[in-house]
Amino acid sequence: MQREMSRWTWIPQLLQQLLLLSVCEVQAQVENRVTFLPGTFQNVNISRNETVQAVVSRIPPEVAFITLQVHTLYRNATLSYTRVPDQGLSLTSVDSGLVSALQPGQTLLSLFLSSPGEETVSGTGVILSYSSTEPVPGACNTEFSLDVDPNVYIRYNLYETAIRFAPANLGNERGQTPPACDTSTGTSTRWRLQYDVYQYFLPENDLSESSLFAGIQAVADIRGMMASGRLVLTLKSTDKTTMVFSSIPGQGVIYSVIVRDPVLNTSASYVPAHTYACSFASALDGCQTLGKISTKVFFTITGLAGLFVCFFGHRFFKCELFCMGFSFAAFFFFVLITRTTQLDYDIRLAVSAVVGVVGGVLLVMSWWRFGSVMACVVVVGLMLGFLVASIVLFTPLGDLDVFRNSDVVFWVTFCCIMVSVPLFFVRWPREGNITTCGIVGAYAVVLAVNAYIYTSLSYITLNILKRFLNNNFSAVFTDAPFQTIDYAMITVWAVLGVCGVVLQLYRERSRPFFPPSPYLMWLQERERRKTNVLDPSHHVPSLPGRLVERVRQLIRRREPAGEHTPLLL
């Protein structure tokens, strides 16, 4: 009897253990499962050695295909059709997306997320649904690993950021075979599709995850990107699905493509991709530590010199000439050694600074020796012309096809603007010189601020430098964001420039136009001393004679003191 009772007493314990195990198993599946609703963003955390099941539920019957996109700040995440990622069925990236065609009657879909590294990955994702009349992004892919690839791929270096994407195809009903991609080029095929390339700038000086996720949520779909982004260019199906932009290290940019069907008036969005044109993993000169110490020191000194020239350049003419000659020589020598050598950046900057000092001294000595104020003012005016030409081509005018397709047209236009500025001020050399001091000196202050706080105004001249250094930079779109800090720096630039010009014009109104050449003054003084016998300096021996007489006094034996002449009675 006791044996029978003991047999029945362990059964409830066994049932209790089995119940606990089942509850634990269900809880574990819930923790590794994220449910997405179409159009609703969902935050996702993926631990190491964990696979998260992304479940899309309640799919309406009119939806023909959906895209699941997941975005992280800088750590890669793997999005896969299968629980175990496989080649051709998964994508590992910071911006990854997959297209899933639905079968008739299908209302539930599962995809899988995992972390390829040893760290936990956090990101945000969203499901976008499309009907059968809307084009399928990346459905005619022949270049990338996925069969249908809706992703935008980004590659960047110091000069340029390039994006690529796969061509799209026409939509189809559930269960039907997709249209062929390249059997014909008629209006009933995918060759009628058009691609709108959009660009969206994230807040400046903000590398946070929250800022990125807010930007992604603003432009993830068609309506958001068209409302908040900037349409850069529209590509036809016959064009290459590649575009190049100017790199802006430290500035977050989101790129996206919207494919349109002009016949059915429908559209679909590719998966947006973002870049900061820098590495979060680099300990040296990464996104968090942009700006080398040598660059900060160089531009800090430049900014202080620019502030001095802005307010006192014309009064201290030799200092102004030295600063302008330094800038002119250092800039072009930096371009020269960068294109012809493989020296380290710090060495190139130091050598350019030395050459700049030599250039400044030569410009001062040429004015000191020859006294040609006009020649020096022309060199100074070219600095203002360089800045004016850079400003003109920094505007959307610089992105015109005529400048992007031809280096000759670009540089001829640039040189014409650059030369016309000093020619304009030939009639008013003093006013032109003071204007150059105010505008160029104030811009040097802006460059000094940019060494510590990013501002797009630095790309006024940096884009020209990039075009000098990179032969392929002509095809790059050079637009830059204008946000609060940029408008503040424009105000600082304008206030400093106007105040510097007005102050110098007021202070110099009653003084000679330019100070005389020291060498010519010395020649005139020497000639005056030779001819003017009434001038006491006429009887002063020459400098060599005075030196010889001084030496004689030092080595001559002194006469004894006292009177040796007989007294006259």
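This one's a predicted model, so the numbers in the text were calculated from it and none came from an experiment. Position 1 is the first residue of the sequence, and the numbers go up from there.
- Of the possible polar contacts, none joining the N151 side chain to the Y153 backbone as a donor-acceptor pair under 3.5 Å is found.
- Of the candidates F414, F328, Y443, F386 forms a ring pair (Phe, Tyr, Trp, His ring centres under 6.0 Å) with just one, namely F414.
- No side-chain heavy atom of T40 sits less than 4.5 Å from a side-chain heavy atom of I127.
- A cation-pi contact, defined as under 6.0 Å to the ring centre and within 45° of the axis, links R467 to F410.
- In this structure the side chain of T177 never reaches within 4.5 angstrom of the side chain of N172, judged on heavy atoms.
- Closest non-hydrogen pair, A220 versus F41, comes out as CB-CZ, 3.5 Å.
- The shortest distance between side-chain heavy atoms of I485 and I453 falls below 4.5 Å.
- What you find for F334 and T338 is that their closest heavy atoms are O-OG1, 2.6 Å.
- With N141 contributing its side chain and G138 its backbone, the two residues share no donor-acceptor pair below 3.5 Å.
- A donor atom on one side chain and an acceptor atom on the other are not found under 3.5 Å apart for S93 and D95.
- Between the side chains of T295 and Y345, a donor-acceptor pair is found at a separation under 3.5 Å.
- Minimum interatomic distance between A277 and T161 (heavy atoms only, all atoms of both residues): CB-OG1, 4.5 Å.
- Once rounded to the nearest 0.5 Å, the distance linking CG of L109 with CD of Q103 reads 10.5 Å.
- Between the side chains of T455 and N450, not a single donor N or O lies within less than 3.5 Å of an accepting N or O.
- Here the options are R230, Q199, E204, the test is side chain to side chain contact (heavy atoms under 4.5 Å, CB included), and the partner is P481; only E204 passes.
- Panel note: side chain T395, backbone V392; a donor-acceptor pair is recorded below 3.5 Å.
- Y255 and F245 have their aromatic ring centers within a separation under 6.0 angstrom.
- Ion pairing between a basic and an acidic side chain is recognised when a charged N comes within 4.0 Å of a carboxylate O; D399 and R404 show no such pairing.
- A salt bridge links E119 and R75; the closest N-O separation between the charged side-chain nitrogens and carboxylate oxygens is under 4.0 Å.
- The local environment of CG in N205 is crowded, with over 12 non-hydrogen atoms from other residues, nucleotides or ligands closer than 6.0 Å.
- A side-chain donor-acceptor contact under 3.5 Å links T491 to the backbone of Y487.
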message = If you apply the rule side chain to side chain contact (heavy atoms under 4.5 Å, CB included), what do you find for F477 with V244, and how did you get there?
response = CA-CA 6 Å; F477 285 89; V244 185; over 6 Å; no

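- With rounding to the nearest 0.5 Å, the separation of CZ in R339 from OG1 in T341 is 12.0 Å.
- Side chain to side chain, S90 and S80 fail the donor-acceptor criterion of an N or O pair below 3.5 Å.
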key: Stepwise side chain to side chain contact (heavy atoms under 4.5 Å, CB included) check, K466 with E160   = CA-CA 9 Å; K466 288 182 177 182; E160 60 188 25; over 6 Å; no

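- Note: L113 CG to R33 CZ = 13.5 Å, rounded to the nearest 0.5 Å.
- Shortest non-hydrogen contact noted between L264 and T133 is CD1-O, 3.5 Å.
- For the 3.5 Å distance criterion, the side chains of Q194 and T234 fail to qualify, holding no donor opposite an acceptor.
- Going from atom CG of L343 over to atom OG of S352 covers 9.5 Å, rounded to the nearest 0.5 Å.
- A donor-acceptor pair shorter than 3.5 Å can be found between the side chains of E209 and S122.
- Between F144 and F165, the gap from one ring centroid to the other reaches at least 6.0 Å.
- For C287 against Y276, the heavy-atom pair with the smallest separation is SG-CB, 4.1 Å.
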CA sep, side-chain torsions, deciding dist, call: V56, L108, side chain to side chain contact (heavy atoms under 4.5 Å, CB included) = CA-CA 6 Å; V56 187; L108 188 68; over 6 Å; no

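- S132 and E173 share a side-chain donor-acceptor pair at under 3.5 Å.
- The line from CE of M418 to CG of L384 is 10.0 Å long, rounded to the nearest 0.5 Å.
- Aromatic pair F403/W411: ring centres not closer than 6.0 Å.
- When only modelled atom types and interatomic distance are considered, T461 and Y459 share no side-chain donor-acceptor pair under 3.5 Å.
- Residue L233 places its CG atom among more than 12 non-hydrogen atoms of other residues, nucleotides or ligands, all under 6.0 Å distant.
- Using a 4.5 Å heavy-atom cutoff, the side chains of F482 and L457 are in contact.
- Between I59 and L102, the closest side-chain pair of non-hydrogen atoms falls below 4.5 Å.
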request  = Evaluate the side chain to side chain contact (heavy atoms under 4.5 Å, CB included) criterion for residues D182 and W191: first the C-alpha distance (whole Å), next the side-chain angles of each, then the deciding distance (0.1 Å), finally the verdict.
outcome  = CA-CA 9 Å; D182 297 321; W191 292 95; 3.5 Å; yes

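- Side-chain N or O atoms of Y156 include one that pairs as donor or acceptor with a backbone N or O of C278 at under 3.5 Å.
- The aromatic rings of F65 and Y130 sit parallel, their planes meeting at an angle under 30°, below the 60° perpendicular limit.
- Between the side chain of H274 and the backbone N or O of G215, no donor-acceptor pair lies under 3.5 Å.
- Heavy-atom contacts from other residues, nucleotides or ligands closer than 6.0 Å to CD of Q342 number 12 or fewer.
- Checking side-chain atoms of R190 against main-chain N and O of N169 turns up no donor-acceptor pair under 3.5 Å.
- Counted within 6.0 Å of CG on N265, heavy atoms from surrounding residues, nucleotides or ligands total 12 or fewer; the atom is thus considered open.
- Other residues, nucleotides and ligands contribute over 12 non-hydrogen atoms within 6.0 Å of the CZ atom of F332.
- With a 4.5 Å cut-off on side-chain heavy atoms, V253 and L202 do not count as touching.
- Looking at V34 and V55, their side chains never come closer than 4.5 Å, going by heavy atoms from C-beta outward.
- Salt-bridge check for R164 with E143: passed, with a basic side-chain N closer than 4.0 Å to an acidic carboxylate O.
- Between Y81 and S100 there is a side-chain heavy-atom pair separated by less than 4.5 Å.
- Distance check: T124 OG1 to Q42 CD gives 8.0 Å after rounding to the nearest 0.5 Å.
- Considering all non-hydrogen atoms of both residues, L170 and S188 come closest at CD1-O, 3.3 Å.
- Side chain of Q251 to backbone of I248: no donor-acceptor contact under 3.5 angstrom is found.
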